Amino acid sequence: MRRVNFSMVTIKDIAKAAGVNHSTVSRALRDDSRVSAAMREKIHTIAKQMDYVPNLAAKKLVRQKTNFVGLIWPSKEGLFFYNMNLQIQREGVKRGYRVMQIMDDPTVSLQAFRQFGVDHVMFWDVFTMMPASFAVERQRFPGRVLAMGGINRIEGMDWLAVDRSGALLMAVRHLTELGHRRLAYAGNKNNKLKIYGFLQGIAECKADYTPEHFIDYFGSTFEDDVRHIFQKQDRPTAIIVDSQQCLFRLLRAFRQIRVRIPEDVSVVVYDDTPEMSELEIAFTTVGPSIQDLAVKAWDIVTAEAGTGEEREPVEEVVGATLVSRESAIPFRPEMELPVT
DNA sequence: AAACATACTCCTGCTCGGAG
DNA sequence: CTCCGAGCAGGAGTATGTTT
């Protein structure tokens with residue numbers, strides 16, 4: 001049946017068509033046992049014919065719940081962001097939620113989610129400093145707001161942190177356990193947490209590292225630095241790469257000077273996404289499990305509020321895991337020869 | 001007399017406790 | 001087994017009061 005105008009079909013329209021009260025329709029559509037099976041069947045059929053869809057706003061008015069969760073996502077490229085987003089959506093659907101996503105100014109997005117009446121909001125925190133407007137808007141939003149991945153915990157919001165330092169520490173331990181002594185690092189020199197973990201590992205494992213073996217991903221001499229470091233005597237036999245973007249650039253530089261992974265150098269890269277095991281060499285990775293992150297995010301956001309009281313914001317850390325694949329192998333003396 | 005402020009009533013689509 | 005009607009939040013509309 002095609003409708004001529006665009007006014008919404010309501011349970012009252014169905015009630016009229018079925019010759020019953022609207023509350024009977026409401027119950028029938030939710031398969032309430034107080035309505036006879038025959039009547040339920042009849043009402044379902046009519047509802048389908050009339051293209052009925054329940055009005056979410058009205059439902060929320062009574063139920064105070066929509067089973068929609070808002071996701072504010074940063075406008076960022078990269079496999080991590082793609083995979084993280086994917087897992088959040090899948091985990092939500094698994095738990096009977098729908099995810100509504102906005103990629104816009106965070107304050108504007110949060111306000112929009114308040115208007116739409118989503119139950120809770122999650123966001124991936126890329127703020128260096130939380131804008132005051134966002135904090136104000138959070139006060140007005142009635143549900144929970146979960147900040148994921150951020151560096152700092154934020155007043156009044158749940159926090160799901162990532163142990164970046166721990167991840168890098170783990171990477172150093174892994175490489176030194178494989179017998180590597182001389183290590184290099186490629187990445188962002190401003191990422192203090194990762195560098196802190198790395199240096200901690202160097203100290204703990206008594207590995208050999210000098211700042212000359214730091215390759216600045218954002219520096220203009222990246223390729224030259226790689227060439228210089230790997231073509232000299234006593235070159236590093238292992239390198240830790242702090243992001244996938246950096247890895248891709250490093251791979252190009254290695255190809256130019258014929259450095260092979262893992263024959264000439266072992267590599268551990270930060271962030272584990274499925275793609276990392278599907279490249280020419282499967283990469284050994286460290287970082288939080290994306291699956292764990294998504295599961296914990298939903299656990300926090302959907303946790304019952306307990307004994308009536310307003311729930312205190314929770315704080316959780318997702319630990320790092322190391323996944324050993326083909327790019328990091330035991331040290332062999334011939335690795336130390338300069339590549340030509 | 002016109003302009004503005006405040007208070008109220010109605011309406012929406014749906015759920016749910018209780019009455020018939 | 002079915003119906004009645006209160007009530008949820010808040011925008012729109014109307015009525016009344018107060019200030020220029």
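Letters go in sequence order (proteins before strands), and every chain restarts at 1. What you see is a predicted model; the values in this text were computed from it and never measured.
- Checked against a 6.0 Å centroid threshold, the rings of Phe113(A) and Phe123(A) do not count as neighbours.
- The main-chain N or O of Arg235(A) is found under 3.5 Å from a side-chain atom of Arg182(A) such that the two form a donor-acceptor pair.
- Between Arg181(A) and Thr176(A) there is a side-chain heavy-atom pair separated by less than 4.5 Å.
- A donor-acceptor distance shorter than 3.5 angstrom exists from the side chain of Arg30(A) to the backbone of Ser26(A), with no hydrogens or angles considered.
- Of the residues listed (Asp271(A), Thr285(A), Thr273(A)), the one engaging Gln244(A) in a side chain to side chain donor-acceptor pair (under 3.5 Å) is Thr273(A), and it is the only one.
- Proximity of residues 35-44 of chain A to DNA chain C (heavy atom under 4.0 angstrom from any strand atom) is restricted to Val35(A), Ser36(A), Met39(A).
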5' to 3', nucleotides 8-18 of chain B under a 4.0 Å protein heavy-atom cut-off (B base, S sugar-phosphate only, - none) gives -----BBBBBB
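- In summary, Glu223(A) and Arg249(A) engage in a salt bridge, as defined by a charged side-chain N under 4.0 Å from a carboxylate O.
- Using a cut-off of 4.0 Å between Lys/Arg side-chain N and Asp/Glu carboxylate O, Arg63(A) and Asp119(A) are scored as not salt-bridged.
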